[in-house]
A.B. asks: 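Sharing a structure below in structure tokens format, with a few things to ask.
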Number of protein chains: 2
Amino acid sequence: MASSMSAERPTLEDVAAYAGVSRSTASRALNEESYVSPRAREAVLAAARDLGYSPNQAARSLVTKRTGAVALILSEPESKVLNDPYFLMVMREAFRALADGGAQMLVMFVDNRDDIPRTTRFLEGGHVDGALVFAPHAGDPLPTALKLLRVPVVFGGRPGTASRGLYTVDYDNVGGAHLAATHLIQRHRRNIVTVCGPQDHPAAQDRLLGWQKALAEHGMPIDDRAESGDFTQTGGEAAMTRLLERHPDLDAVFAASDPMAAGVLQALRAHGLRVPDDVAVVGFDDNPSIVHTLKPPLTSVHQEPAAQVRHMITILQCLIAGDAPTPKRQVLPVSLAIRDST
Amino acid sequence: MASSMSAERPTLEDVAAYAGVSRSTASRALNEESYVSPRAREAVLAAARDLGYSPNQAARSLVTKRTGAVALILSEPESKVLNDPYFLMVMREAFRALADGGAQMLVMFVDNRDDIPRTTRFLEGGHVDGALVFAPHAGDPLPTALKLLRVPVVFGGRPGTASRGLYTVDYDNVGGAHLAATHLIQRHRRNIVTVCGPQDHPAAQDRLLGWQKALAEHGMPIDDRAESGDFTQTGGEAAMTRLLERHPDLDAVFAASDPMAAGVLQALRAHGLRVPDDVAVVGFDDNPSIVHTLKPPLTSVHQEPAAQVRHMITILQCLIAGDAPTPKRQVLPVSLAIRDST
DNA sequence: ACTCGTTCTGGGAGCGCTCCCAGAACATGC
DNA sequence: GCATGTTCTGGGAGCGCTCCCAGAACGAGT
């Protein structure tokens, strides 16, 4: 009763037989190598089309030692990631860029320390050719753990722990904050405060630093003028309220993220202050789904997640190919998108 | 110069040799099969530990015809997904549930029709054992395309097109909307409107239907009392403004999503109406990052994305194992989380 | 002693592919 | 004619694993 099922997937051998050539020639034709006669190539491609052939990845990667897959690792506690459209943009861009290069994207979340052994074991297991990692938290032990592996890894943003020697693609957070603060100064604001991010975040540290630098360059006071939010809207609102108590006469705010800027606007409205007439506000991220829905539309430091991800993938592909690109740390420029809030 | 590199990954043969048994016995010991003496099993496990052995997945799946990977396919245009924390919750839950079962999660986005061939080709290619698909849009051609494949597929939510014969795990949208409207009626509201979702969305259709049913059961008017938002906050605000013009004396609103409910609250505030004193508001989704930040906290129809995803995975695993679970269409119950907005 | 039955073991085959290498086919030079 | 390429082809080997099957080892019953 062993009648041959038509449901069997055709193999390379089937394609070769159908095309009247050998397995080797079929393989060469499909992999677009040289040393294949046009006649043979045509025949093989036609056969593959007719039979609906698609190569068995398992067999291929068994010999090439390549899986054609890349892991995207997001290391942030659940609550944070859920509210952050940034990660979704990153995921989409990564998927798209990888798919265009014929690679698959394997997503992994790391919620807590317990997930780390599983993650490293997985990466060591040879399931993927490399990994893109976002671990924005300073205390995160993941980067250190991954450093020991032989798997190529590229980090998005500056990881807080032991970033030395790692491949990273970061934004110019210092420069962006500097840009924002300078813009406020040019708008003749003289009483500038900041709602900064949590200082266990390298990105938040850099943004605070840039703000401080710009103000110091113009001889303006920085002490006691920074309040930390937690990168969320409610956190931004609370921080702004505290700042207003301390500096009732402030005339400009640099918020280290767009959601916090939204909170800032709320707090200002609650205090009866007009934007930008009484107080100018700048955000950071230039998140399209936030800046345009706010009233007034928010001036914000613009960064390009797509560019970051594509950069990371380029570097990773070099590493996978065996090259060691320099420099290890790349910093992408940011710009300022000026709107009605300043 | 062919000195053996210590960087070489150990194979099963190495483990067997180290343990002093054969390849077959080593395989049996590691795969926890019977017919292995305790002595041999111990030796093999110790050897695997000592050598840091992890099996080559490619080689394994070449013979087992299983990849141990499942695709998660999200079919929604970019703009929608970015604002929707629902998808991120789904992704995390799916990752976690699959990882616990030893399976990998491969994420794919389908933005437009052009992505469909790539997606089907990929699924046909045998890269994954099955797929979880979210395609909430009614016109989406993806479900029909996937129907023709031999790969097990389970849908989240009722796909608009040709849902007959597909495996689906949906929420009781009709029941949830009915629950919400009935609750408003019990709160002695007599002038109830709804901000419904886009009617090319099966879920939105169901929610409108449930609202209509509840009102009809109590002999209340439904004509001219539904305005469509696009599931976003701004859409909800606009729809509410239109409803207020038409029914200035309305005293309750059922919004078919939480973001739209947020817009409803904004519009009501702009019209100087108090919630819940003048107007009661119910949302849908019970999105934790929305309902608690609104003022007042929002009464909303509660659903459990985690339960949905786990259900989908259970069914998918059955299908992969070769079973055909019945019924094909599962509907999960929803409840009402009552807060201060009603 | 011998047959059974059960538990355990090792080797062979083979999954579908890529790589290597020997050699065929063809053109080009003297 | 023969030596010398260059282009093209097919078969063999082998990647690391699982499965099958023959047979060893061991006990228990006659």
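First the proteins, then the strands, lettered A, B, ... as listed; each starts at 1. The shown structure was predicted, so the numbers you read here are calculated from the model rather than taken from an experiment.
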A.B. asks: Going by the rule side-chain contact (heavy atoms from CB on, under 4.5 Å), which residues pair with A:A69 if we only count those two or more places apart in sequence or in a different chain?
C.D. replies: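 Per chain and number, A:A69 pairs via side-chain contact (heavy atoms from CB on, under 4.5 Å) with A:T67, A:Q104, A:L106, A:V128.
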A.B. asks: Please list residues of residues 37-48 of chain B whose heavy atoms come under 4.0 Å from any atom in DNA chain C, ordered by number; otherwise none.
C.D. replies: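 Result for residues 37-48 of chain B: B:S37, B:A40, sorted by number.
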A.B. asks: Taking N or O atoms only and anything under 3.5 Å, show me the protein contacts with nucleotides 17-21 of chain C, one pair per line.
C.D. replies:
from   : atom 1 : to    : atom 2 : distance (Å)
C:dC17 : OP1    : A:Y53 : OH     : 2.5
C:dC17 : OP1    : A:N56 : N      : 3.2
C:dC17 : OP2    : A:L12 : N      : 2.3
C:dC17 : N4     : A:R23 : NH1    : 3.4
C:dT18 : OP1    : A:N31 : ND2    : 3.1
C:dT18 : OP1    : A:R60 : NE     : 2.9
C:dT18 : OP1    : A:R60 : NH2    : 2.8
C:dT18 : OP2    : A:S27 : OG     : 2.8
C:dT18 : O4     : A:R23 : NH1    : 2.6

A.B. asks: To 10°, what angle do the rotation axes through the five end pairs on each side of the helix from C:dA1-D:dT30 to C:dC30-D:dG1 form?
C.D. replies: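 For the helix from C:dA1-D:dT30 to C:dC30-D:dG1, the axes at opposite ends meet at about 60°.
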A.B. asks: Quick check for you: to the nearest 0.5 Å, what is the distance between A:L142 atom CG and A:F155 atom CZ?
C.D. replies: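 These two atoms lie 6.5 Å from each other.
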A.B. asks: Could you list the donor-acceptor pairs under 3.5 angstrom formed between side-chain atoms of residues 36-46 of chain B and any protein atom two or more places apart in sequence or on another chain?
C.D. replies:
from  : atom 1 : to    : atom 2 : distance (Å)
B:S37 : OG     : B:A40 : N      : 3.2
B:R41 : NH2    : B:E33 : O      : 2.9

A.B. asks: Test of understanding: with side-chain hydrogen bond (donor to acceptor under 3.5 Å, both in side chains), list the residues that count as partners of A:T120, not counting sequence neighbours.
C.D. replies: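 A:T120 satisfies side-chain hydrogen bond (donor to acceptor under 3.5 Å, both in side chains) with no residue once adjacent residues are dropped.
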A.B. asks: How do B:L62 and B:T25 order along DNA chain C: which one's closest nucleotide is nearer the 5' end?
C.D. replies: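 Final value for this comparison: B:T25.
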A.B. asks: side-chain contact (heavy atoms from CB on, under 4.5 Å) with B:V63: which residues, sequence neighbours excluded?
C.D. replies: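 For B:V63 there are no side-chain contact (heavy atoms from CB on, under 4.5 Å) partners, ignoring immediate neighbours.
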A.B. asks: Do side-chain atoms of A:D129 reach the backbone of A:G68 as a donor and acceptor pair under 3.5 angstrom?
C.D. replies: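 Present.
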A.B. asks: How long is the gap from CZ on B:R96 to CE on B:M91, to the nearest 0.5 Å?
C.D. replies: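 Output value for this atom pair is 12.5 Å.
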A.B. asks: Pairs under 3.5 angstrom only: tabulate donor-acceptor contacts from the side chains of residues 10-19 of chain B to other protein residues two or more places apart or in another chain.
C.D. replies:
from  : atom 1 : to    : atom 2 : distance (Å)
B:T11 : OG1    : B:E13 : N      : 3.2
B:T11 : OG1    : B:D14 : N      : 3.4
B:D14 : OD2    : B:T11 : N      : 2.9
B:Y18 : OH     : B:D50 : OD2    : 2.9

A.B. asks: Taking side-chain hydrogen bond (donor to acceptor under 3.5 Å, both in side chains) as the test, write out the residues that go with B:N31, two or more places apart.
C.D. replies: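 side-chain hydrogen bond (donor to acceptor under 3.5 Å, both in side chains) list for B:N31, sorted by chain: B:S27, B:R60.
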A.B. asks: For residues 308-317 of chain A, run the donor-acceptor check on the side chains, cut-off 3.5 Å, and write out each pair with its distance to 0.1 Å, sequence neighbours left out.
C.D. replies:
from   : atom 1 : to     : atom 2 : distance (Å)
A:Q308 : OE1    : A:Y86  : OH     : 2.6
A:Q308 : NE2    : A:V169 : O      : 3.0
A:H311 : NE2    : A:Q330 : OE1    : 2.9
A:T314 : OG1    : A:R310 : O      : 2.8

A.B. asks: How far apart are the closest heavy atoms of B:D115 and B:F109, and which atoms are they?
C.D. replies: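 Taking every non-hydrogen atom into account, OD2-O, 3.9 Å.
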A.B. asks: Identify each atom pair where a protein N or O and an N or O of nucleotides 4-6 of chain D are less than 3.5 Å apart, giving names and distance.
C.D. replies:
none

A.B. asks: Kindly write out the residues that satisfy side-chain hydrogen bond (donor to acceptor under 3.5 Å, both in side chains) with B:T119, not counting sequence neighbours, or none if the list is empty.
C.D. replies: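 Applying side-chain hydrogen bond (donor to acceptor under 3.5 Å, both in side chains) to B:T119 gives none.
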